[in-house]
Every structure is written in C-alpha cells, then in structure tokens.
Amino acid sequence: MLPKAYDPKEVEEKISKLWKDKHVFKAEIDETKKPYVIVIPPPNITGALHMGHGLNNTLQDTLIRFHRMNGECANWVPGTDHGGIATQNVIEKKLSKEQKLSRHDLGREKFVQTVWDWYKECGNAIYNQFEKMGWALDQSNIRFTMDEDRAKSVYASFSNLWNKKYIYRGKRMINWCVRCSTALSDIEVEHEQHAGKLWHLRYKMENGSDGVVIATTRPETIFADSAIAVNPKDERYKNLIGKKVRIPLIDRLIPIIADEAVEMEFGTGALKITPAHDPVDYEIGQRHSLETFIVINDKGKMINLPEKYLGMDRDLCRKETVKDLEAAGLLVKEEKYNNAVSTCYRCHSAIEPYLSEQWFVKMDELAKNALKAIEEEKVKFHPANWKGPLTNWLKNIQDWCISRQIWWGHRIPVWYCRHCSEKGLTFTTDKQGKEQLSKVSFEDGAKPIVSFEKPECPQCHGHDTIQDPDVLDTWFSSALWPMSVFGWPEQTKELKYYYPTSILVTGYEIIYLWVARMIMMGLEFQGEVPFKDVLLNGIVRDKTGKKMSKSLGNVVDPLDLTQKYGADAVRFSLLSQSVLGKDIPYGEESIIGARNFCNKIYNASRFIQMNSEGIEGPLELPAKPKELCDRWIISRYNNAIKQASDEIKKYNMAAAADILYHFLWGDFCDWYIELAKQRFDGEDRKEVISILINILYNTLKALHPFMPFITEEIAMSLKKYIKDHKEFLIEESYPAYNPALSDEQAQTQMALLQGVTTQIRTIRAQFNVPPGLKIKVLLNTADRNDLAVIAKYQNYITSMAKVETLEIGSDIAKPKQSATGLHGTTTVYIPLEGLIDFDKEKARLDKELAVIENGIRNRERMLGNENFVKNAPKEQVEKAKNELEQMLLRAQQIKTAKEDLN
RNA sequence: GGGCAGUUGGCGCAGUGGUAGCGCGUCCGCCUCACACGCGGAAGGUCACAGGUUCGAACCCUGUACUGCCCACCA
C-alpha cells in the first residue's frame with residue numbers, strides 16, 4: 001500500500017536523476033520549429049541561490065516547459081556571472097575570516113586563482129540547485145561570464161567600441177567606494193536619507209572682520225576649499241564678491257566668487273567650494289579655474305592637512321574639526337539635517353567623490369538607438385509601466401564609467417609599453433615584493449595598445465608591454481550576455497538561430513544596470529534587440545513586506561524549504577503569488593497550501609489507481625459520454641485548459657495556477673470523484689475509469705510547467721492506461737482547448753444539482769443533523785426543465801447530500817417541522833422533527849429574505865430607469881428582468897416558509 | 001524636487017464598467033472505506049477619502065491622504 005502522504009524528497013531525487021540521465025533538457029536546433037529561447041539572468045557566484053532566484057527561474061521554467069509542450073524548439077540557456085565587486089568582497093571576507101589574510105597578502109595572481117577555485121565550488125552548488133528546483137536548463141552547455149568564449153566577446157566589444165571612439169579614458173569626478181577601493185558607475189550608487197547635521201561656519205575676511213557664514217555637511221573638507229561661492233543675484237553678498245576670506249583653522253586665503261549654481265534659499269546662501277571632493281564644486285571649480293586641493297585619499301584617510309588630522313579617518317576628522325571650530329569660535333550653528341548620502345550598492349559605505357582617470361563608454365549614440373527600439377516597441381515590457389522610467393533614463397544618460405580598481409573581472413584589454421609610456425606609468429611593489437603597475441595616466445603620457453594578448457609595442461617594437469591594472473565593470477560582460485552565450489562575435493549557427501531571444505525574465509531592480517545595456521549592445525553589435533519581451537518579476541520579501549537580508553535575519557532559504565516541502569510546493573507557492581511586476585510577501589505559511597495541493601493530487605491519483613485494478617489500457621476519453629457528470633467534468637476540464645493557457649500567454653501565472661488548482665481540487669476531486677465512487681462497481685465502470693484517468697493525465701500535463709516533479713511521477717504510473725503517451729511530460733503536447741468538448745447544458749444542469757445539494761448540506765449543518773441520520777428531502781420547483789433534471793439525476797443529490805429518500809414535485813407543500821432552503825427556482829424542504837430550532841430557522845430565513853429584497857430593489861430601480869432600458873446592452877436588461885422574476889418568486893417562497901414556521 | 005506603484009473581509013492577495021473572489025485564519029459539525037496536508041457548513045467587506053463621467057463605478061477621470069519604490073549635484 002502506498003503511503004498516505006506524498007513524500008516529495010524521494011520522488012524529486014528520482015525524477016531529477018531520470019531527466020538528467022535521459023538528457024531531457026538537451027537543447028538542439030530544429031530548423032523545422034520556431035525557436036523559443038530564454039537566456040538565464042546569470043546568478044552571481046556569491047553564494048547559494050535565494051528566493052528571488054527561485055521566483056525568477058521558476059517563471060522561466062514554466063514558460064520554457066509550456067512553450068516546448070506547444071511544439072516550439074525551446075532552449076533555456078544556463079550560466080552564472082562572475083559578479084565582480086560582489087564576489088571579490090565575498091572572497092575577501094572569507095580569506096580574512098578563515099586565514100586572517102587580505103587579498104594583498106596573497107597578491108593578485110593568487111587571489112584571482114582563489115576566486116576561480118571558489119567558482120568551482122559555488123558554481124557547482126548553483127548548478128546543483130538548478131536541478132533540485134526542476135529547472136529545465138540544458139546543463140550540458142553551461143556558460144560563465146569569465147570563461148574563454150565570453151572573454152572573447154568582451155574583447156571584441158571593447159575593441160569595437162574603442163575603434164569607434166566610444167570608449168575613452170578621462171579624468172573625472174567619479175564615485176569612489178572607499179571600502180571596496182574602486183570606482184563605481186553612477187547607477188551603482190544608492191541614495192539614502194541619513195539623519196545628519198548641517199554646520200554653519202564662519203570664514204573671516206582677510207582683514208579679520210566677520211566675513212561670511214557658510215553651511216556645510218562636510219566640515220572636514222574645509223582644508224581643501226578653493227573658494228566661497230554666492231549667487232550673483234544675492235544682494236546680501238554682492239559687495240563681497242572678489243574679496244578674500246580665511247579658511248578657518250588653517251587661515252589659507254580663498255576668494256569669494258559668484259556662481260549661478262548656488263541656491264540663495266539654502267543654508268546661508270553662501271557655499272564653500274571644494275573642487276576635489278564634491279561633484280558640484282568640481283564643476284564650479286572648472287568654471288572658475290580654481291585650484292584643486294586633495295585632502296582625502298582613496299582609503300578615506302585625511303592627507304595634506306595639519307598634522308593633527310593627518311591620517312585620520314574622514315568621520316573622525318569631521319568630529320575633530322567641528323570640535324576645533326567650536327573652540328575657535330567659528331562654529332556659528334549646528335542644526336539637524338537629513339541629507340542624501342550616496343552609498344556603495346555592494347557594501348553600503350559612504351561614497352567619496354573622487355577625482356581620477358578612468359575608462360568610460362560614450363553613451364549618447366547607443367542610448368539613442370535603444371530609445372528608438374523601445375519607442376517602436378521592438379522590446380515590450382510587462383508590465384508596461386517601466387517603459388517610462390527607462391526611456392527617461394536613456395534620454396538623460398551619462399557616460400558609463402567601466403573601469404574598476406579590483407582584481408576579479410575581465411582585465412581591461414589595453415597594454416602599455418614600459419619604454420614608450422614611461423612617464424604615464426606608476427609602479428609600486430606589492431607585499432610579495434613584486435612590481436605592480438598601480439597607476440596609469442594618459443595625461444602624463446601613457447599610450448594605449450588595445451590587445452587581447454600581450455602585444456609588442458607598435459612604436460619601438462619592444463616586448464616590454466604591461467596590461468592595464470583595472471578590470472571592467474561586471475555589467476560590461478553582462479551587457480553582452482544574450483549574444484556571448486551563443487559565441488558572438490563568431491556568427492555561429494546558434495547565434496543565427498536563437499538570436500534575438502524570445503523573452504527576458506528579470507527583476508525590475510536591474511533595468512538600468514542590465515536590461516538597458518543589453519538592449520544597447522544588442523542593437524550595436526547584432527543590429528537587433530536581444531529579446532522581444534521583458535517580463536519583470538517582483539522582489540520576494542518577507543511576510544511583513546521587508547526586503548530579505550542577512551542583517552535582518554529574515555532570509556528564507558529555498559533549499560531548506562525544498563527539503564521540507566518539496567520543490568513543487570516552493571514553485572507553486574511562488575507562482576500562485578506572482579503577479580506581473582509585483583513584490584511578493586513570502587511566509588512559510590504560503591508554502592503549506594501548495595504542499596497540501598501536492599498531497600491532494602497524489603491522493604486523488606492514488607485513489608483512482610486503487611480503483612482501476614483489473615482494467616487494461618489504453619483507455620481513451622469516450623467521445624460522447626451519456627452520463628451528465630461525465631459530460632460536465634469534460635466540459636469543465638476543457639474550460640480550465642483554455643483559461644489556464646490564455647493566462648499563461650498573458651504571463652498571468654498566478655491566475656493560471658489558480659484555475660488549475662480549483663479545477664482539480666474543486667470540480668474533479670470534490671464533485672467528480674465523489675460521484676464516480678458509486679459507479680466503480682457498475683456497468684459503466686470502464687467508462688468512468690477512462691474519464692478519471694484521462695482527465696487526470698491531461699490535467700497533470702497542464703500542471704506540469706508549474707509543478708514538474710509530482711506531475712511526472714504520477715503520469716509515469718498512469719502510462720499503461722494512456723494511448724500514444726510520451727516518455728516525459730515535457731515531450732507531450734500541452735492540452736488544447738477543444739470546442740467539441742464544451743457542453744453548456746451539462747454545466748447548467750450540474751450547477752442546479754450542485755446548488756440543491758449544497759442547500760441540503762447547509763440545512764444539515766445548521767441544525768446539527770447527525771451525520772448518520774437518515775433524512776427525507778422534498779424538492780419543489782415550478783420550472784419544468786429543472787424538475788426534469790432533478791428527477792433524472794436524483795441519485796446525484798441523494799448520494800452527494802446523503803439523503804435517504806427524496807420526493808420531487810411541482811406542488812409540494814411545506815411539511816410541518818421542516819427547514820427550508822432555496823436554490824434558483826427550487827425549494828428544499830427537510831422535515832426535522834425535534835431537531836429544528838424555529839428561532840434559528842426564522843433568523844436564517846430573515847437574513848436570506850433581506851438579501852433577496854435588496855436584490856429586488858436594485859433591479860426594480862434599474863428597470864424603472866428608462867435610460868438603463870434604453871442604453872444598457874440588451875442581454876443586461878434581459879438578465880435583470882429574469883433575475884427580478886426569480887427573486888420575486890423566491891421572496892414569496894421565503895415568506896410562505898416563514899408563515900408556516902411550525 | 002520629479003516619476004511609478006499600492007490602499008478590497010482578522011492577515012496576505014486576486015479581480016473586472018453590471019453590484020466582490022481566493023488562500024490562510026476564525027466558528028460549527030465530521031477519523032464518511034483517497035487524502036485530518038482531509039470532508040461538509042458558516043460567519044466576516046458601505047472595495048482609503050472627496051468630487052466627476054455613466055443608465056450603472058471597487059473598476060474610468062480629477063483631487064486629497066497615507067504607504068512603498070525608483071530617479072535627481074540644495075551644499
């Protein structure tokens with residue numbers, strides 16, 4: 001005997017192995033078919049997958065399985081991302097924790113090797129997780145953003161953009177993360193509101209008079225001030241422009257200048273200008289040719305200032321400066337102020353604006369093309385409301401800083417001749433005593449040689465060339481992903497067949513970082529958008545709506561949940577909550593319902609099979625069943641299939657899951673199996689079993705994209721009954737809507753029988769009729785059709801409502817001591833001598849009456865309104881009329897029942 | 001400062017121009033020979049607020065409030 005409860009663990013392991021051994025997910029080009037391609041958003045190799053990956057990939061898997069079952073040549077391309085800064089940080093932490101070493105202790109080469117070793121470990125864990133979740137990825141061909149083919153793509157794209165002069169090197173104010181010690185692009189910076197302070201400081205005049213008071217949030221940068229700026233229109237300061245003031249504490253003289261950028265309303269209307277440490281000040285400095293003083297270095301330590309502060313951390317220096325300013329009587333005011341602090345998206349430490357030479361990509365042309373493609377709907381967004389923000393971003397795009405001063409990533413493919421670039425190259429000795437190129441300056445004469453491999457110098461033909469120390473932004477390789485996975489720049493047959501891909505499924509949080517750039521690169525290099533649709537999934541949050549994070553301790557691990565409840569349950573719970581672009585508050589409770597559903601499917605299948613003993617397959621769905629409930633369930637099944645497919649096509653996975661869930665649990669289990677029970681030993685035994693098994697098998701197919709394991713497992717055990725089955729469900733055709741199976745009449749008639757049954761059950765429950773008690777039910781209806789249906793299928797009612805005797809007629813009077821129920825035109829009377837509580841019955845009837853009378857009022861008002869009768873669609877008017885008629889009748893029946901309370 | 005979402009029964013969420021559904025929870029009754037991860041039944045909502053369009057609005061429009069998110073160089 002099979003166990004009562006479904007145990008997913010064993011089954012999922014078994015099925016997973018089977019899929020793997022039989023290469024079920026192997027993707028092969030089939031020119032006779034339409035390709036359906038999804039390239040996975042490659043997870044970073046920073047650790048195990050989280051719930052966000054769970055949702056994102058499950059959505060992709062559902063689409064892939066669905067489309068493959070619909071006859072398309074489906075290919076879901078797997079891979080991982082090297083994850084630049086994020087991964088480097090993980091490894092640095094690991095090194096420090098396990099061996100108390102920094103990356104500098106290891107040196108560049110060894111460190112990079114360590115990360116490669118980590119990739120083997122972490123990558124495998126991820127690929128293993130793909131399998132555990134049942135994701136139909138072709139794992140025989142895994143890509144990694146750092147592998148050789150992808151490196152070639154990166155080089156091809158770099159040199160191409162270099163030749164077009166889109167890539168250039170420039171000295172700019174960039175975002176510098178002091179902790180990660182690297183430059184970041186503008187979109188890698190997050191803005192947080194911090195409770196900070198605004199200090200008002202006095203800068204005295206050259207002659208020692210009161211001078212000017214400025215407001216600043218960064219008093220530690222006064223040492224790098226080059227000027228005080230005021231708005232030229234500001235009357236308060238007009239006569240001071242051109243004069244000089246002394247910087248507090250160091251007494252260096254700086255001029256008062258006028259610049260439009262100064263807001264008169266903010267603070268005191270006077271702004272200290274620190275060109276080296278603030279982006280706005282930098283621009284002002286440029287406009288006025290101000291001198292640049294640097295007082296904070298790349299580590300966030302203070303330099304070039306009085307010895308007292310030398311080497312201090314910037315935060316400490318701020319405190320000390322304020323203290324000293326106060327002592328000097330130059331601190332005028334200190335007020336609380338919420339300022340926007342820029343932080344690193346990887347480590348969340350405060351960003352330091354930093355002046356340095358970096359590599360950039362010129363974006364205007366690229367953005368223009370992307371904009372055009374998006375506006376022409378070459379790429380469509382689902383939901384569409386992200387189109388606006390994206391186009392807006394593209395319109396205001398800034399050049400992209402692509403160089404990172406870290407070690408893990410694609411090294412910039414630019415080399416320098418030590419001889420010819422001498423003055424532009426700065427070397428330092430690292431901890432291993434090795435000489436390293438630490439700084440490159442084009443301003444000082446470094447001459448770039450763009451090359452994939454170590455080149456000879458084209459000028460002096462020497463071989464003493466050395467590669468740029470920086471690596472590329474990890475998003476640079478990500479931007480090429482939809483092409484690089486197919487071997488671009490080689491025009492491979494894969495690239496030709498699979499590109500552009502069908503759809504990108506990703507989170508809305510990386511639209512600018514990733515989606516936009518893929519579109520730009522795809523257009524630039526392949527002349528075509530990389531995907532036609534973008535499906536944006538939300539963020540999986542904790543059950544209170546907070547973002548899951550390690551520091552909050554609210555992270556749920558998909559692997560844990562999978563162990564506990566099964567991958568199908570995790571998948572189904574995510575899918576049933578996934579509405580386009582919306583975040584999902586995810587609690588463990590939500591998975592339990594899905595687990596229960598798995599159990600329901602399993603038990604229903606087990607029951608059907610238990611009752612199929614001795615029946616030989618194959619069994620086919622009878623073409624024209626006579627029995628009402630047979631016609632009904634087939635029709636309901638057919639409807640469910642149509643609705644579910646339609647919803648999937650619209651990317652409404654939650655709606656599709658819901659439809660199938662309710663069809664299987666409600667219609668199939670609660671009604672059809674229950675009705676079928678009494679026929680297992682009857683003459684139409686084989687027909688009932690055929691319908692049960694075929695409907696079940698087809699419903700499993702329909703559910704397969706959502707919960708692949710359990711459906712596969714059960715389907716396998718049903719194969720002996722199924723004609724023309726495939727070995728695996730993914731190879732089957734997705735069930736199709738068949739108009740011939742629709743049976744409106746059967747649905748109407750069943751609805752009547754179900755309604756009457758429910759009325760009887762309700763009365764039983766309301767009056768606590770003991771379950772074993774034999775009851776008699778009288779059914780009265782004036783409707784001839786209804787009467788005929790009830791008469792013909794009274795066994796449905798007697799069995800489903802557990803009724804001993806049933807009396808049916810069109811002029812049955814209410815018996816004494818009986819309860820009354822109503823469904824449509826049918827009145828249900830159940831004599832309940834000794835059980836009936838008249839007060840309770842009256843209350844029930846009153847309540848029912850109130851609802852109906854309300855309905856009557858509504859409809860009378862509608863029909864009394866000539867505009868409604870005139871303007872509303874005919875069927876609406878008809879409907880209202882019919883409803884009114886029925887309601888009046890029912891009201892009358894309830895009133896009669898109330899009068900007859902005895 | 002600009003933009004985008006959301007506001008529906010205790011909780012989490014669907015929903016559509018014709019009078020509101022699901023899951024969980026709650027309450028009542030059931031170990032009915034597939035399933036107590038179950039079966040049957042019930043209670044519970046003036047769909048944030050104010051206007052407007054319409055014969056009719058939770059759904060469309062305008063505004064307000066609150067919540068969340070994204071973008072932005074007021075130090």
Side-chain angles (χ1 to χ4, degrees), chain A residues 2 4-6 173 187 190-191 198 214-218 221 229 261-268 270-274 278-284 337 339-340 342 353 383 385-386 388-389 392-393 396 508-509 511-512 539 543-545 565 569 573 576-577 579 581-587 589-590 592-611 652 654-655 658 661-662 669-670 673-674 677 757-758 761-766 768-772 800-802 854-855 858-859 861-863 865-873 875-877 879-880:
Chain A
L2 288 158
K4 273 186 165 186
Y6 173 63
M173 181 70 85
I187 41 177
E190 292 180 357
H191 303 275
L198 189 63
I214 59 93
T216 182
T217 55
R218 300 204 65 187
T221 63
V262 181
E263 296 278 337
M264 296 196 285
E265 288 73 34
F266 188 88
T268 61
L271 172 65
K272 74 183 205 63
I273 304 299
T274 319
D278 184 278
V280 179
D281 292 8
Y282 179 68
E283 280 173 30
I284 294 176
Y337 179 67
N339 58 334
S342 305
N385 46 305
W386 277 101
N392 203 37
W393 182 76
N396 298 303
Y508 59 78
E509 70 274 19
I511 288 186
Y512 309 131
I539 293 169
K543 60 185 162 195
T544 65
Y565 300 105
S573 67
S576 30
Q577 293 177 87
V579 176
K582 278 201 164 182
D583 291 354
I584 298 177
Y586 196 79
E589 323 65 271
S590 77
I592 290 173
R595 189 268 318 259
N596 295 352
F597 182 46
C598 291
N599 193 243
K600 187 72 183 180
I601 301 173
Y602 169 78
N603 271 293
S605 311
R606 186 168 66 108
F607 182 64
I608 292 167
Q609 293 186 67
M610 274 163 50
N611 285 288
N652 293 334
D658 189 64
Y661 174 96
H662 283 106
C669 291
D670 292 346
I673 292 183
E674 290 305 319
K677 279 179 180 173
T757 300
T758 301
R761 285 171 172 172
T762 303
I763 293 169
R764 291 188 76 120
Q766 298 276 297
N768 298 321
V769 177
M800 295 302 285
K802 303 211 161 53
N854 189 36
N858 275 329
R859 260 137 282 239
R861 207 176 50 219
M862 284 159 82
L863 292 164
N865 182 338
E866 59 179 82
N867 285 322
F868 172 73
V869 181
K870 205 165 61 193
N871 297 331
E875 64 266 24
Q876 287 297 338
V877 181
K879 196 179 150 206

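Order of the sequence lines fixes the chain letters, A, B, ..., with proteins taken first and strands second; residue numbering starts at 1 for each chain. The structure presented is a predicted model; accordingly, all values stated were derived computationally and were not measured.
- Counting only N and O atoms by type, the side chains of A:Tyr586 and A:Ser573 include a donor and acceptor under 3.5 Å apart.
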Protein and nucleotides 71-75 of chain B: nitrogen or oxygen contacts under 3.5 angstrom:
{"residue": "B:rA75", "atom": "OP2", "partner": "A:Tyr337", "partner atom": "OH", "Å": "2.5"}
{"residue": "B:rA75", "atom": "O3'", "partner": "A:Thr217", "partner atom": "OG1", "Å": "3.3"}
{"residue": "B:rA75", "atom": "N6", "partner": "A:Glu263", "partner atom": "O", "Å": "2.8"}
{"residue": "B:rA75", "atom": "N6", "partner": "A:Phe266", "partner atom": "O", "Å": "3.3"}
{"residue": "B:rA75", "atom": "N1", "partner": "A:Glu263", "partner atom": "N", "Å": "3.2"}

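- Comparing B:rA58 with B:rG12, their P atoms are spaced 23 Å from each other, to the whole Å.
- Spacing of P atoms, B:rC4 relative to B:rU64, comes out at 14 Å, to the nearest Å.
- Taking each heavy atom of A:Asp670 and A:Lys600 in turn, the nearest pair found is OD1-NZ, 4.4 Å.
- Taking the six-membered ring for Trp and thresholds of 30 and 60 degrees, A:Tyr6 and A:Tyr602 have ring planes inclined between 30 and 60 degrees apart.
- Atom pair A:Asn599:CG and B:rG38:P shows a separation of 7 Å (rounding to whole Å applied).
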Secondary structure of RNA chain B per the Watson-Crick/G-U criterion (both distances under 3.5 Å; [ ] crossing, | other strand, . unpaired) is (((((((..((((....[..)))).(((((.......))))).....(((((..]....))))))))))))....
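- For the pair A:Pro389 and A:Phe607, both in contact range of RNA chain B, the more 5′-proximal nearest nucleotide belongs to A:Pro389.
- No hydrogens or angles considered: nothing links the side chains of A:Asn385 and A:Tyr508 as a donor-acceptor pair under 3.5 Å.
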At a cut-off of 3.5 Å, list every protein nitrogen or oxygen paired with a nitrogen or oxygen from nucleotides 16-19 of chain B, distance to 0.1 Å.
none

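- On a pure distance criterion of 3.5 Å, a polar donor-acceptor pair joins the side chain of A:Lys600 and the base of B:rC35.
- Contact annotation for A:Cys669: base contact, defined as any heavy-atom pair under 4.0 Å involving a base atom.
- With sequence neighbours left out, the side chain to side chain contact (heavy atoms under 4.5 Å, CB included) criterion links A:Thr216 to A:Leu201, A:Ile214, A:Arg218, A:Pro219, A:Lys272.
- Separation of the P atoms belonging to B:rG18 and B:rC60 is 12 Å when rounded to the nearest angstrom.
- Looking only at distances, no side-chain donor or acceptor of A:Asp583 sits under 3.5 Å from a matching main-chain atom of A:Gly545.
- The distance between the ring centers of A:Phe266 and A:Tyr337 falls below 6.0 angstrom.
- Side-chain N/O atoms of A:Lys802 include none lying less than 4.0 angstrom from OP1 or OP2 on B:rC39.
- A distance of 5.0 Å separates CE of A:Met800 from CZ of A:Arg761, quoted to the nearest 0.5 Å.
- The gap from the P atom of B:rA50 to that of B:rC55 amounts to 23 Å, rounded to the nearest Å.
- Under 4.0 angstrom from either OP1 or OP2 of B:rA42 there lies at least one side-chain N or O belonging to A:Thr762.
- Of all the heavy atoms in A:Arg764 and A:Ala801, the pair that sits closest is NH1-O, 3.3 Å.
- A cation-pi contact, defined as under 6.0 Å to the ring centre and within 45° of the axis, links A:Lys677 to A:Phe607.
- Residues A:Thr217 and A:Leu198 share a closest heavy-atom pair of CG2-CD1, 3.7 Å.
- Within 4.0 Å of A:Asp670, counting heavy atoms only, lie sugar-phosphate atoms of the nucleic acid but no base atom.
- Panel note: side chain A:Asn871, backbone A:Asn867; a donor-acceptor pair is recorded below 3.5 Å.
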Quick tally for nucleotides 21-29 of chain B: nucleotides whose base has a protein heavy atom under 4.0 Å get B, sugar-phosphate-only ones S, the rest -, giving -SS----S-
Scan nucleotides 13-15 of chain B against the protein and return all N/O pairs shorter than 3.5 Å with their distances rounded to 0.1 Å.
{"residue": "B:rA14", "atom": "OP1", "partner": "A:Lys582", "partner atom": "NZ", "Å": "2.8"}
{"residue": "B:rA14", "atom": "OP2", "partner": "A:Lys582", "partner atom": "NZ", "Å": "3.1"}

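- Here A:Arg595 does not reach the OP1 or OP2 of B:rC37: none of its side-chain N or O atoms lies under 4.0 Å away.
- Taking atom C1' in both B:rC37 and B:rG63, the straight-line distance is 49 Å, to the nearest Å.
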